[in-house]
Chemist: 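Mind looking over this structure? Questions follow.
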There are 2 protein chains.
Amino acid sequence: MVSIKDVAKQAGVSVATVSRVLNNKGYVSESARKKVEQSIQELNYKPNEVARSLFKKQSKTIGLIVPDIMNPFFPELARAVEDIAAELGYSVILCNTDENKEKEQHYLDVLLQKYVDGIIVSSNTLSAEQIHKLHIPIVSIDREISQGIPTIVVENKKGAQTATRFLKDKECKKIAHIRGPLGVTNADERCEGYKEVVSGEPWFRESYIVNGYFDMQSSIEATNKLLRLHPEIDGIFAANDTMAIGAIKSAHQLGRKIPEDIAIIGFDGIALSKATVPELTTIVQPIYELGKKATTMLVHLIEKKPVEKTFYELEVRLVERHST
Amino acid sequence: MVSIKDVAKQAGVSVATVSRVLNNKGYVSESARKKVEQSIQELNYKPNEVARSLFKKQSKTIGLIVPDIMNPFFPELARAVEDIAAELGYSVILCNTDENKEKEQHYLDVLLQKYVDGIIVSSNTLSAEQIHKLHIPIVSIDREISQGIPTIVVENKKGAQTATRFLKDKECKKIAHIRGPLGVTNADERCEGYKEVVSGEPWFRESYIVNGYFDMQSSIEATNKLLRLHPEIDGIFAANDTMAIGAIKSAHQLGRKIPEDIAIIGFDGIALSKATVPELTTIVQPIYELGKKATTMLVHLIEKKPVEKTFYELEVRLVERHST
DNA sequence: TTGAAAGCGATACCAA
DNA sequence: TTGGTATCGCTTTCAA
């Protein structure tokens with residue numbers, strides 16, 4: 001690889017001068033600049049980012065920590081993060097943690113050693129303490145970790161209310177909820193939203209709420225159980241789309257027609273929700289927007305530019321398709 | 001951040017000695033090693049990877065270049081790559097190119113400047129020349145770029161034959177093919193496989209083959225056109241699962257029952273293929289295995305360990321579900 | 001067995 | 001305007 005020295009030699013100037021034209025900083029005569037620029041061209045010189053990083057203590061790289069990129073929610077998020085990062089001159093290192101504490105700490109260490117300039121993280125298990133020890137900007141996405149930490153989430157409770165009310169408006173008489181894992185903020189909030197709408201109803205019972213783990217298999221099982229226990233159910237609000245699809249499959253197996261016998265609504269608006277037959281009615285999150293906002297904010301934090309807010313709760317919207 | 005100097009001072013030895021115990025290289029007395037290890041513990045010292053990279057001219061980082069992580073084929077691949085990379089002590093930088101030549105070249109430059117040790121790439125537009133100029137190990141995945149370049153693909157033609165023959169065995173009398181983009185190796189190969197099986201049939205015509213772009217929308221349109229032109233079609237082999245799902249939706253809209261009126265088979269075995277109703281019969285690629293093999297091979301190449309082969313054509317297998 | 005010092009490729013201070 | 005040089009944190013050679 002050709003280095004700054006080679007350029008300097010070729011141009012007949014010092015490395016300091018080359019550095020100056022590279023960074024457009026300090027005084028450089030027109031003639032010197034010309035010579036340097038030409039040499040850079042001729043040698044096809046590209047500054048070594050590693051050397052730069054060492055000196056500047058920053059790497060133009062950010063870390064993206066997600067539970068699992070195979071979870072259909074995250075590819076779109078990752079795409080947004082990578083798009084914006086690239087636009088702003090940053091690269092992104094991808095990390096999958098499976099919500100595993102050790103893996104998370106491990107990746108945090110690795111990223112720190114690599115001098116990443118900031119991290120976007122989606123996690124429940126990370127503690128505020130762990131994060132503050134990092135001493136680099138962090139943005140928490142999709143899930144709230146702690147007050148002091150910049151966070152971008154969506155209106156989970158409101159979305160859940162909208163979904164549940166929509167089912168009521170569609171004349172559903174008995175509405176069940178397949179909730180996400182206990183203790184996960186967004187799952188809890190969505191469950192709350194559901195409850196606020198139905199808990200006053202005479203028909204409502206706690207057993208209308210069943211547990212899922214945001215994945216399809218758990219949802220199929222939960223729905224099977226649910227519909228056996230409560231055959232009267234004619235509406236289901238699933239806490240995410242993947243589970244809604246599981247519910248569709250389960251209902252299908254049990255011979256229930258959708259939406260005639262049971263209306264089903266999801267949450268997320270992942271691409272998959274348009275692939276099913278019938279297409280899924282769902283509460284659409286602006287996933288790309290989420291990633292975009294997080295990345296923009298992170299880079300502002302990194303570059304010490306002003307940020308107006310460090311907490312965003314993005315709007316969700318109901319998209320009616322054919323499952324309701 | 002605590003540096004090697006701090007450790008040296010604390011342990012009362014030189015940085016050289018600390019480096020020796022860090023790398024387990026050269027002579028170090030038991031007592032010195034003890035002291036150093038203790039200081040490392042006490043200070044919670046983690047060597048700065050950037051400084052290491054600068055000296056060693058390698059970064060324990062690899063690049064993963066894909067067209068679009070939102071394309072359902074790639075998350076699983078990315079997950080495999082990241083898993084294995086992490087296991088072997090490497091991080092992975094994610095790049096989305098949209099098959100765009102400029103973006104590809106840009107990412108190549110960036111990765112090179114960051115001293116990545118190797119690159120896994122999925123692309124049609126990259127030239128062999130571009131790649132050879134890199135002077136670092138590359139593995140091409142999913143698509144063949146050129147003979148000299150380490151490559152991992154699947155048996156596209158054979159899989160396509162299997163799919164088409166399967167449809168024939170299912171008593172389909174008129175089998176159509178929704179092919180992928182012209183000029184993309186795997187799309188071409190799958191089309192060829194289809195043709196080899198049906199081109200001898202008396203009913204076969206070129207107009208049974210329609211173009212798609214590996215996405216859902218194009219496939220819906222293609223299928224609409226196809227079924228209007230040839231209502232007699234009772235079997236469709238789509239060149240990937242996303243297009244097969246598009247075909248299902250189109251057939252549905254046109255009031256055709258699947259699999260009774262039309263049998264549909266896909267290719268890839270993405271997670272989505274299990275989410276549809278009816279679940280998709282498809283030619284399953286070992287996607288995770290693909291990523292795993294590519295990463296293992298790349299790291300071997302990087303670390304100059306022996307690799308037995310630099311070309312793999314992985315087996316695919318038919319998984320029968322309910323769309324046929 | 002150990003430490004001093006050169007060097008990796010850049011930046012930025014200071015003196016000229 | 002320019003160049004010399006210390007510096008970032010680490011590895012490795014060489015001499016002791």
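Each chain gets a letter, A, B and so on, in the order its sequence line appears, and its residues count up from 1.
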Chemist: I'd like to know whether A:Thr97 forms a side-chain contact (heavy atoms from CB on, under 4.5 Å) with A:Ser123, so could you lay out the CA-CA distance, the side-chain angles of the two residues, the decisive distance to 0.1 Å, and finally the verdict.
Modeler: CA-CA 9 Å; A:Thr97 63; A:Ser123 160; 5.8 Å; no

Chemist: Let me check the geometry of the helix from C:dT1-D:dA16 to C:dA16-D:dT1. What is the bend angle between the axes at its two ends, five pairs each, to 10°?
Modeler: 50°

Chemist: Reading DNA chain D from 5' onward, which residue's closest nucleotide shows up sooner: B:Leu54 or A:Ser31?
Modeler: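 Its nucleotide being nearer the 5' end, the pick is A:Ser31.
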
Chemist: What is the distance, to the nearest angstrom, from the NZ atom on A:Lys60 to the C1' atom on C:dG9?
Modeler: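 About 18 Å, once rounded to whole Å.
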
Chemist: For C:dA10, does either OP1 or OP2 sit under 4.0 Å from a side-chain N or O belonging to A:Tyr45?
Modeler: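 Affirmative; the distance criterion is met.
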
Chemist: Here's a test of your reading of the structure: between B:Ser29 and B:Tyr115, which maps to the more 5' nucleotide of DNA chain C?
Modeler: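 On the 5' side of the pair lies B:Ser29.
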
Chemist: Do the numbers put B:Lys292 on top of the ring of B:Tyr288, so that NZ or CZ is under 6.0 Å from the six-membered ring centre and no more than 45° off the axis?
Modeler: no

Chemist: Verify side-chain contact (heavy atoms from CB on, under 4.5 Å) between B:Gln105 and B:Glu102, making sure each step is shown before the conclusion.
Modeler: CA-CA 5 Å; B:Gln105 188 55 58; B:Glu102 280 94 60; 5.9 Å; no

Chemist: Kindly say whether A:Asn96 contributes a backbone atom to a donor-acceptor pair with the side chain of B:Glu82 at under 3.5 angstrom?
Modeler: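 Flag set: sc B:Glu82 to bb A:Asn96 pair under 3.5 Å.
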
Chemist: Within the side chain of A:Asp6, is there an N or O that forms a donor-acceptor pair under 3.5 Å with the backbone of A:Ser3?
Modeler: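 Side chain of A:Asp6 to backbone of A:Ser3: a pair is present.
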
Chemist: One pair to check against side-chain contact (heavy atoms from CB on, under 4.5 Å): A:Asn48 and B:Tyr115. What are the steps and the verdict?
Modeler: CA-CA 8 Å; A:Asn48 179 328; B:Tyr115 266 164; 2.9 Å; yes

Chemist: To the nearest angstrom, how far is A:Ile4 atom CD1 from C:dG7 atom P?
Modeler: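 Nearest whole value for this atom pair: 17 Å.
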
Chemist: Decide yes or no on side-chain contact (heavy atoms from CB on, under 4.5 Å) for A:Leu108 and A:Ile119, but give the supporting numbers first.
Modeler: CA-CA 9 Å; A:Leu108 251 24; A:Ile119 300 178; 4.0 Å; yes

Chemist: Using only atom types and a distance under 3.5 Å, with no angle test, would you say the side chain of B:Asp117 pairs donor to acceptor with the backbone of B:Ile62?
Modeler: no

Chemist: Just call it for A:Val13: base, sugar-phosphate, or nothing, with non-hydrogen atoms closer than 4.0 Å on any strand.
Modeler: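 The residue A:Val13 makes sugar-phosphate contact but no base contact.
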
Chemist: Mark yes or no for whether A:Ser31, through its side chain, and A:Ser29, through its backbone, hold a donor-acceptor pair below 3.5 Å.
Modeler: no

Chemist: Are any of the side-chain nitrogens in B:Glu49 or B:Arg52 under 4.0 Å away from the carboxylate oxygens of its partner?
Modeler: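 The answer is yes: the pair qualifies as a salt bridge.
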
Chemist: What protein N or O atoms touch nucleotides 12-15 of chain C N or O atoms at under 3.5 angstrom, if any, and at what distances?
Modeler:
{"residue": "C:dA12", "atom": "OP2", "partner": "A:Lys25", "partner atom": "NZ", "Å": "3.4"}

Chemist: Between which nucleotides of DNA chain D, read 5' to 3', does contact with chain A run, using atoms under 4.0 Å from its heavy atoms?
Modeler: D:dT1 to D:dG9

Chemist: Does A:Lys60 reach the main-chain N or O of B:Lys114 with its side chain, forming a donor-acceptor pair under 3.5 Å?
Modeler: no

Chemist: Rounding to an integer number of Å, can you tell me how far B:Lys35 NZ sits from C:dT2 P?
Modeler: 8 Å

Chemist: When all nucleic acid strands are considered with a 4.0 Å heavy-atom cut-off, which category describes B:Val28: base, sugar-phosphate, or nothing?
Modeler: sugar-phosphate

Chemist: Please report, rounded to the nearest Å, how far the C1' atom of C:dA10 is from the CD1 atom of A:Ile40.
Modeler: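 The distance from CD1 of A:Ile40 to C1' of C:dA10 comes to 13 Å, rounded to the nearest Å.
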
